[in-house]
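Please read these numbers as outputs of a predicted model, since none were measured by experiment. Throughout, a chain's letter reflects where its sequence line sits, starting with A, and its residues are numbered from 1. Worth knowing before you read on, the calculation uses all heavy atoms, side chains too, and leaves out hydrogens, waters and symmetry mates.
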Number of protein chains: 2
Amino acid sequence: MTDSNPNASLTAPSIPGDALPPVEQHAQQYATVRNAHETELIEDYVELIGDLLAHRGEARAADIASRMAVSQATVSKMIRRLNELELVTSKPYRSLFLTEAGQKMAETSRARHDIVLHFLRALGVRDATARIDAEGMEHHVSDETLAIMQRFTEQQQNS
Amino acid sequence: MTDSNPNASLTAPSIPGDALPPVEQHAQQYATVRNAHETELIEDYVELIGDLLAHRGEARAADIASRMAVSQATVSKMIRRLNELELVTSKPYRSLFLTEAGQKMAETSRARHDIVLHFLRALGVRDATARIDAEGMEHHVSDETLAIMQRFTEQQQNS
DNA sequence: CAATATTGTTAGCCAAGGCTAAACTATTTG
DNA sequence: CAAATAGTTTAGCCTTGGCTAACAATATTG
């Protein structure tokens, strides 16, 4: 380091005990997040389609578009991808349905989502906030943490 | 709905009391997540640069690349963006530094990250898992939830 | 101090996920 | 049942965030 350091105030670690993780571990953290991002949107679509089917009996592109606050063109393009991934079946101008793989994904996503949402409420987070946070968090919570969240929620309820 | 429904098993809601949220609320949930995604990567870079400066005294593109598990070309491109956003200053072949805005962002991100990480550990999540989950979750935790997490962690420590 | 190794940059490619505008299909209704 | 409205698809554009390969600058070392 030949430069002077204008960020001198940052030179001392804010939390002295917390060193940087070893490179490999650090790298894996970021890689895991990047990976989650790739499947995230897909899961959100599939989960929403499952919910629409469950609650409404049908899942139309227009409903998805308004619930996701996205244009219908975007939904249409995405449905093509879901089709290629064999997660949904669609006939033009007809309701979507989930394939078996799609149903499995929808159930898994829904379950994760519910665990996170109920956990946040059990923690004391207001409903509207909990819903927003759960939507963002659900794809980044490991199975280990998920299990702990579920236990926590149950204990909270029995008291 | 003129079609027969091959997803009949999904017709009954898994959790009967949990109806679909009203369209506007639902839409806002997704919009919030999409929005978080836009700033997420930027924050990760800035946070990492801050950490490198704090712990190493300098932040080189090569370190960022290996810690993020990403090519140097990607980092180089990203640094150009951070420059345009006036979050970092950089001279070619020299360490990066944070602007004031960059430092502020780094501190905020680091603080959020630490709160989430400590919370997960307080919950009983193993360290390695907590680190991975925290990295993904930090950008999706509202201030309200963050405050609750912090309180929880403190209570846990005083017992 | 020249050769080599490391580090950084640039150019050009790709896929994903947005958008608008235009065209087409289906449904509803006067 | 024709016209209007609503829903869907397609085409074509843009930005972001990856990548590799080729080149340029700096540092290290024999």
message: What I want to check is whether the side chains of A:H118 and A:Q150 have a donor and an acceptor closer together than 3.5 Å.
response: no

message: Is it true that A:R126 and A:T129 share a donor-acceptor pair across their side chains at a distance under 3.5 Å?
response: yes

message: Students often get this wrong, so: under 4.0 angstrom with heavy atoms, is B:V75 touching a base, only sugar-phosphate, or nothing?
response: nothing

- prompt: Rounded to whole angstroms, how far apart are CE on B:M78 and C1' on D:dG18?
  reply: 11 Å

query: Side-chain contact, heavy-atom cut-off 4.5 Å: A:R60 with A:L96?
result: no

- request: Using a strict cut-off of less than 4.0 Å between a Lys/Arg side-chain nitrogen and an Asp/Glu carboxylate oxygen, indicate whether B:D51 and B:R110 qualify as a salt bridge.
  value: yes

statement: The contact string for nucleotides 3-11 of chain D, one letter per nucleotide 5' to 3', using protein heavy atoms under 4.0 Å with B, S and - for base, sugar-phosphate only and none, comes out as ----BBBB-

Length of the line joining A:E38:CD and C:dG17:C1', which is rounded to integer Å: 13 Å

query: Distance check: side-chain N/O of B:R34 vs OP1/OP2 of C:dG17, anything under 4.0 Å?
result: no

query: Can you check the A:Y30 OH to D:dG17 P distance for me, whole Å?
result: 15 Å

query: Can you say whether the rings of B:H140 and A:H140 are parallel (under 30°), tilted (30 to 60°) or perpendicular (over 60°)?
result: parallel

- request: Let me know the distance between CD of B:E58 and P of C:dT6, rounded to the nearest Å.
  value: 17 Å

task: Rounded off to whole Å, could you give me the CE-to-C1' distance for the B:M68 and D:dG18 pair?
output: 13 Å

query: Which whole-number value in Å describes the distance from B:I64 CD1 to D:dG17 P?
result: 15 Å

task: Nearest whole angstrom, please: distance from the P of D:dT15 to the CD1 of B:I42.
output: 15 Å

field: Positive for side chain to side chain contact (heavy atoms under 4.5 Å, CB included) with B:R67, one of A:H26, A:Q25, A:E24
entry: A:H26

- request: Report the distance from atom CG of B:L41 to atom C1' of D:dT15, rounded to the nearest whole Å.
  value: 13 Å

query: Between B:R81 and D:dG17, is there a side-chain N or O to OP1/OP2 distance below 4.0 Å?
result: yes

- request: Grab the two heavy atoms, one from A:R34 and one from B:A69, that are nearest each other, plus how far apart they are.
  value: NH2-O, 3.0 Å

